[in-house]
Colleague: 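Sending over a structure as structure tokens; questions will come in a sec.
Order of listing sets the numbers, starting from 1, for every ligand and every atom in it.
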Amino acid sequence: MTVGVLALQGSFNEHIAALKRLGVIGVEVRKAEQLQDVSALIIPGGESTTMAKLAGYHNLFPSLREFVKMGKPVWGTCAGLIFLADKAIGQKSGGQELIGGLNCTVHRNFFGSQLQSFELDVSVPEIAATEGGPPNFRGVFIRAPGILEVGPEVQVLADVAVHSDRTANFDSVESSEEIPGSEKKVIVAVKQGNLLATAFHPELTADTRWHSYFLKMVKETSEDTSSSTASSAGIIRLPQPPKYDLPIYQQ
Ligand code: GLN
């Protein structure tokens, strides 16, 4: 299994290191033709406007859209989530080009500026059920986006409570579930078929469960499309027992 990591800008090295901890080689992708050699793609966090400019400059958008349409697994973290969304708000004037495919509306800087970045234990029932480990995941939110609404085919994997007094973009949340005390829930992780998206940065923690979850998606897809590679694809070797706690980011 070869997983590509879009390496235009942002935390691509950290994703490659996380894959390595699971015994999987991550390949840096910078050119359209390199997408032909990978079975899946991770789009890292970083700065979505810059990433979009670089992707446009290298004429990557048509191939990236084709990759998504072909049903290949793609995981976007943070800026990568913005890239995958069908609709983004809170963009610079004139907007920015998106890959699209993920039926959701995302607010680009929902949680505020860089200075308002934070860490939070996020409840991750689906991840804990499939990957084991504790029920929470340490979410690293860096000038993080939030998912305001999702289409019916989108599975919500995690959300967090936001408070009207503390969240400037509170009113933009289209929450179906109102919780008492001026709180709403904003979605921070979703899955839609071959697409996975997280508003936070799992690659900056020692906990590799989101990566192993994505690798299972990759394995399932390669089993669907090629029975000949199914026997060898997706063997996840854990060199060390998994770590779920901090410290943040270990090489
Ligand atoms: N909100 C940022 C953007 O618009 C993304 C931040 C991140 O990827 N950590 O690009």
Colleague: Nearest protein heavy atom to atom 7 (C) of ligand 1, by residue and atom, and its distance?
Modeller: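 For atom 7 (C) of ligand 1, the nearest protein heavy atom is Cys78 SG, 2.7 Å.
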Colleague: Identify the closest protein heavy atom to atom 10 (O) of ligand 1: which residue and atom is it, and at what distance?
Modeller: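 The protein heavy atom lying closest is Ser48 N, 2.5 Å.
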Colleague: May I ask you to check whether Thr77 has an N/O atom sitting below 3.5 Å from an N/O atom of ligand 1?
Modeller: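 No - when backbone and side-chain N and O of Thr77 are compared with those of ligand 1, no distance drops under 3.5 Å.
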Colleague: I need the atoms of ligand 1 closer than 4.0 Å to a non-hydrogen atom of Ile142, numbered in the order shown.
Modeller: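 Counting from 1, the qualifying ligand atoms are 6 (C), 7 (C), 9 (N).
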Colleague: Describe, in one word, how the ring planes of Trp75 and Phe214 are oriented to each other, choosing from parallel (under 30°), tilted (30 to 60°) and perpendicular (over 60°).
Modeller: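 Because their plane-to-plane angle lies in the 30° to 60° range, the rings of Trp75 and Phe214 count as tilted.
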Colleague: For His201, state whether at least one heavy atom is located under 4.0 Å from any atom of ligand 1.
Modeller: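 Flag set, His201 near ligand 1.
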Colleague: Taking all atoms of both residues into account, what is the closest heavy-atom pair of Thr198 and Ala189, and its distance?
Modeller: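 Result for this residue pair: CG2-CB, 4.0 Å.
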Colleague: Have a look at Gly10, Gly46, Gly45, Ala144 and point out the one with the heavy atom closest to atom 5 (C) of ligand 1.
Modeller: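 Answer by nearest heavy atom: Gly46.
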Colleague: Would you call Lys216 and Glu131 a salt bridge, using N to O less than 4.0 angstrom?
Modeller: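 Salt bridge flag = yes for Glu131 with Lys216.
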Colleague: Any Lys/Arg nitrogen of Glu47 or Arg143 sitting under 4.0 Å from an Asp/Glu carboxylate oxygen of the other?
Modeller: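 Looking at Glu47 and Arg143, the cut-off is met.
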Colleague: Can you see which heavy atom on Leu8 is nearest to which on Met51, and at what distance?
Modeller: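 In terms of heavy atoms, the two residues are closest at CD1-O, 3.9 Å.
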Colleague: Ignoring hydrogens and angles, state whether a donor on the side chain of Glu153 or Asn103 is under 3.5 Å from an acceptor on the partner side chain.
Modeller: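 Their side chains do contain a donor-acceptor pair, which is all the 3.5 Å distance test asks for.
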Colleague: Measure the distance from atom 4 (O) of ligand 1 to every protein heavy atom, then report the residue, atom name and distance (to 0.1 Å) of the closest one.
Modeller: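 Of the protein heavy atoms, Arg108 NE, 2.3 Å lies nearest.
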Colleague: If we set the cut-off at 4.0 Å for heavy atoms, which region of Ile82 has an atom near ligand 1: side chain, backbone, both, or neither?
Modeller: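 The answer is the side chain.
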Colleague: Could you give me the CA-CA distance, side-chain angles and deciding distance for Phe83 and Phe61, then say whether ring pair (Phe, Tyr, Trp, His ring centres under 6.0 Å) is met?
Modeller: CA-CA 10 Å; Phe83 245 44; Phe61 278 106; 5.7 Å; yes
Colleague: Should you measure from each heavy atom of Asn109, which atoms of ligand 1 turn up under 4.0 Å away?
Modeller: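 Matching atoms, with element in brackets: 1 (N), 2 (C), 4 (O).
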